S.K.: 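Handing you this structure, nothing more for now.
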Amino acid sequence: MARGLADVAERPDYVLTPRAFPDIYAAYFGFVWRCLRGLGVPERLLDDAAQDVFVAVHRRLTEFRGDSSLRTWIYGIVRHVALNQRRGERRHGGVMEFASEPASLAPDPHERAQDGEAAEFVATFVAALDEKKRDVFVLALLEQMTIPEVAETLGVPLNTAYTRLRAVRQEFAKALAAQGER
């Protein structure tokens, strides 16, 4: 992420203008892409969804007041776009699919198979979560945000975020144990 942009954008007196958009795009594209994928946007729609996010960011950039971090504000847009994409898929009879992480570049085919299975397991687990737990899983465990950042991003009390994280970790452990038994 372009650290200079993040530092400036977090100042309460800073007003973002459309001229800052190329820097925002460069700084947050990876974050947006990973979050969209983690929130269940099918791989074939990721390009369109990412474009929708950045179109909304560009249009609404002057509305950013600094009440939250720029990352949090962008995540709100990501969440809305992902929800609309999933609704559209269900409406059109599409099946929700998760892309697995690209296979490891290691030459060992066994390792590549294990990586693919692990990614598929995580994607299946995330797909089965309810919306609230999915948000916490993606932000805290995949994006490595702190729980206070997660709480701020989702607009929930800090204890609620901790409770959801604990619950999703327990569900993940149970799913992992069940997977191991198979």
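These numbers come from the heavy atoms of this one structure, side chains and all, not from hydrogens, waters or symmetry mates. Because the structure is a prediction, the values reported are computed rather than measured.
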S.K.: Heavy atoms, side chains only, cut-off 4.5 Å: are Glu149 and Leu139 in contact?
M.R.: no
S.K.: Look at Lys174 together with Glu171 and state whether they make a salt bridge at an N to O cut-off of under 4.0 Å.
M.R.: no
S.K.: Taking all heavy atoms of Ile77 and all of Ala56, pick out the closest pair and write down the distance.
M.R.: CG2-CB, 3.7 Å
S.K.: Ser69 and Glu152: which non-hydrogen atoms are nearest, and at how many Å?
M.R.: N-OE2, 3.5 Å
S.K.: How long is the gap from CZ on Arg166 to CG on Asn159, to the nearest 0.5 Å?
M.R.: 8.5 Å
S.K.: Run the side-chain contact (heavy atoms from CB on, under 4.5 Å) test on Arg71 and Thr153 for me, step by step, so that the C-alpha distance in whole Å, both residues' side-chain angles and the decisive distance to 0.1 Å come before the verdict.
M.R.: CA-CA 8 Å; Arg71 183 176 176 180; Thr153 300; over 6 Å; no
S.K.: Under 3.5 Å, is there a donor-acceptor pair linking the side chains of Thr160 and Thr163?
M.R.: no
S.K.: CD1 of Ile24 to CD1 of Ile74: how many Å apart, nearest 0.5 Å?
M.R.: 6.0 Å
S.K.: Do Phe31 and Phe21 land in one hydrophobic cluster if side-chain heavy atoms of ILVMFWY residues count as linked below 4.5 Å?
M.R.: yes
S.K.: Please tell me if the side chains of Phe125 and Leu176 come closer than 4.5 Å, counting only heavy atoms from C-beta onward.
M.R.: no
S.K.: If you define the side chain from C-beta out and look only at heavy atoms, does anything of Val136 sit under 4.5 Å from Tyr162?
M.R.: no
S.K.: Calculate, to the nearest 0.5 Å, the distance between atoms NE2 and OH belonging to His58 and Tyr25 respectively.
M.R.: 13.0 Å
S.K.: To the nearest 0.5 Å, how far apart are CG in Leu154 and CE in Met145?
M.R.: 8.0 Å
S.K.: Group every Ile, Leu, Val, Met, Phe, Trp and Tyr by side-chain heavy-atom contacts under 4.5 Å, then state whether Leu165 and Leu142 land in the same group.
M.R.: yes
S.K.: Nearest 0.5 Å, what's the CG-CG distance between Leu45 and Asn84?
M.R.: 12.5 Å
S.K.: Is it true that Tyr75 and Tyr28 have ring centroids separated by less than 6.0 Å?
M.R.: no
S.K.: Out of curiosity, Arg164 CZ to Lys132 NZ, how far, rounded to the nearest 0.5 Å?
M.R.: 5.0 Å
S.K.: Would you say that Leu158 contacts Pro148 through its side chain, given a criterion of any heavy-atom pair below 4.5 Å between the two side chains?
M.R.: yes
S.K.: Linking I/L/V/M/F/W/Y whenever any side-chain heavy atoms sit under 4.5 Å apart, do Phe29 and Val81 land together?
M.R.: yes
S.K.: Assess whether a salt bridge exists between Glu143 and Arg34, defined as any Lys/Arg side-chain N lying under 4.0 Å from an Asp/Glu carboxylate O.
M.R.: yes
S.K.: Test Trp73 against Val57 for side-chain contact (heavy atoms from CB on, under 4.5 Å), laying out the working first.
M.R.: CA-CA 9 Å; Trp73 182 75; Val57 166; 4.0 Å; yes
S.K.: Within a strict 4.5 Å, meaning less than it, do heavy atoms of the Asp52 and Gln85 side chains meet?
M.R.: yes
S.K.: Can you name the closest pair of heavy atoms from Ala161 and Ala151 and give their distance?
M.R.: CB-CB, 3.9 Å
S.K.: Val168 and side chain to side chain contact (heavy atoms under 4.5 Å, CB included): which partner among Leu129, Val138, Asp130, Val126?
M.R.: Leu129
